[in-house]
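The first residue in the sequence is number 1, and the count goes up from there. In what follows, every heavy atom counts, from backbone to side chain, and hydrogens, waters and symmetry copies are set aside. Not measured: the values here are computed from a predicted model.
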Amino acid sequence: MTRTLPRLTAACGAALLSVGLVACGSSTATSPGTPATAPVQNEIATAPPADDATDGATADEDDPDDSGDGGTETAEADEDKVSANTASEDEIAQALTTAGVSNPARWAEEVVEYRPYPTDDPDLTKLRKNLAKYNPGQETTDKIVSALTP
């Protein structure tokens, strides 16, 4: 029994060493005198020059707000939003669906219920306070407000 244990240990050690060497070796066969790894290519990717805007987008004459999208930032941001003051409940529900709000019909009902909202408050503070009564969570509240304008 004592002779079997050293033999078993030696056999397991040899098997482990073989597996380790195979795992560390190259995946391609090499001929004698050839390095096991391929030489590294020294190519550097170059990007177009960035403009001096804080958004890091590249300079583009066809992009007035330098957002990299070719359009104006505010026009696109407002495109998906609907007015919390004037949109129908169905329009608000659709905007909330697009924003990824769960149970959008229920939240649209709440938005309509607490009208009107101050038009000089883009954060919709009044709506946020009224929604807080229902404990929707910060993420849900942010999604709801992100779909709306005053």
Side-chain angles (χ1 to χ4, degrees), residues 11-150:
C12 288
L16 245 147
L17 181 61
S18 297
V19 170
L21 290 175
V22 170
C24 293
S26 172
S27 62
T28 60
T30 61
S31 59
T34 306
T37 59
V40 176
Q41 298 294 326
N42 289 330
E43 296 178 14
I44 299 173
T46 58
D51 64 5
D52 59 354
T54 59
D55 60 11
T58 59
D60 186 355
E61 290 177 19
D62 297 330
D63 191 6
D65 66 345
D66 290 328
S67 65
D69 60 5
T72 60
E73 188 174 328
T74 55
E76 285 191 16
D78 289 340
E79 215 172 86
D80 296 333
K81 294 184 175 193
V82 296
S83 171
N85 284 318
T86 61
S88 70
E89 192 171 313
D90 289 338
E91 290 171 324
I92 293 171
Q94 180 58 45
L96 297 181
T97 300
T98 302
V101 176
S102 59
N103 203 356
R106 180 207 177 205
W107 295 116
E109 184 179 332
E110 300 303 330
V111 170
V112 171
E113 179 181 342
Y114 293 107
R115 286 179 178 169
Y117 300 100
T119 57
D120 62 344
D121 181 18
D123 291 331
L124 292 165
T125 306
K126 176 183 174 184
L127 175 60
R128 286 179 180 274
K129 286 180 182 176
N130 285 311
L131 291 176
K133 297 174 188 176
Y134 303 99
N135 276 338
Q138 188 64 44
E139 182 181 355
T140 300
T141 301
D142 290 343
K143 284 182 181 181
I144 291 169
V145 172
S146 74
L148 304 171
T149 60

Novice: Determine the minimum heavy-atom distance between Ala108 and Glu89, stating which atoms define it.
Specialist: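 Heavy atoms of Ala108 and Glu89 come nearest at CB-O, 3.5 Å.
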Novice: If you round to the nearest 0.5 Å, how far is NZ of Lys81 from CG of Leu148?
Specialist: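 Reported value, rounded in 0.5 Å steps: 8.0 Å.
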Novice: Just to verify, what does Glu91 make a side-chain hydrogen bond (donor to acceptor under 3.5 Å, both in side chains) with, not counting sequence neighbours?
Specialist: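 side-chain hydrogen bond (donor to acceptor under 3.5 Å, both in side chains) list for Glu91, sorted by chain: Ser88.
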Novice: For Ala147, enumerate each residue passing the side chain to side chain contact (heavy atoms under 4.5 Å, CB included) test, keeping only those at least two apart in sequence or located in another chain.
Specialist: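 In terms of side chain to side chain contact (heavy atoms under 4.5 Å, CB included), with neighbours along the sequence ignored, Ala147 is linked to Ala95, Leu96, Ala99.
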Novice: Shortest non-hydrogen contact from Ala93 to Pro104?
Specialist: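 Looking at all heavy atoms of both residues, the closest pair is O-CB, 3.5 Å.
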Novice: Thr119: which residues meet the side-chain hydrogen bond (donor to acceptor under 3.5 Å, both in side chains) condition with it, sequence neighbours left out?
Specialist: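 Listed in chain order: nothing, the list is empty.
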Novice: Could you list the residues that satisfy side-chain hydrogen bond (donor to acceptor under 3.5 Å, both in side chains) with Gln138, not counting sequence neighbours?
Specialist: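 side-chain hydrogen bond (donor to acceptor under 3.5 Å, both in side chains) list for Gln138, sorted by chain: Asp142.
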Novice: Distance check, rounded to the nearest 0.5 Å: Lys133 atom NZ versus Tyr114 atom OH?
Specialist: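 Reported value, rounded in 0.5 Å steps: 4.0 Å.
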Novice: Scan residues 101-110 for pairs that pass side chain to side chain donor-acceptor pair (under 3.5 Å), counting only residues two or more places apart or in two chains.
Specialist: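 Listed by first then second residue: Glu110-Tyr134.
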Novice: If you look at every heavy atom in Ala87 and Val82, which pair is closest and at what distance?
Specialist: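 Nearest heavy atoms, Ala87 then Val82: CB-CB, 3.9 Å.
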Novice: List the atom of Ala132, the atom of Pro136, and the distance in Å for their closest heavy-atom pair.
Specialist: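 Where Ala132 meets Pro136 most closely, the heavy atoms are CA-CD, 4.2 Å.
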Novice: Among residues at least two apart in sequence or on other chains, which ones pass salt bridge (Lys or Arg N to Asp or Glu O under 4.0 Å) with Glu113?
Specialist: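 So Glu113 forms no salt bridge (Lys or Arg N to Asp or Glu O under 4.0 Å) with any residue.
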Novice: Could you report the tightest heavy-atom contact between Leu127 and Tyr117, atom names first, then the distance?
Specialist: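 Closest approach of Leu127 to Tyr117, heavy atoms only: CD1-OH, 3.3 Å.
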Novice: Nearest 0.5 Å, what's the NZ-OG1 distance between Lys143 and Thr98?
Specialist: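 Here the interatomic distance stands at 12.5 Å.
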Novice: Under the side chain to side chain contact (heavy atoms under 4.5 Å, CB included) rule, collect the residues that match up with Thr125, sequence neighbours excluded.
Specialist: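 Asp121, Asp123, Lys129.
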Novice: Less than 4.5 Å apart, side chain to side chain, heavy atoms only: is that true for Pro150 and Leu124?
Specialist: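 In short, these two side chains touch, coming nearer than 4.5 Å.
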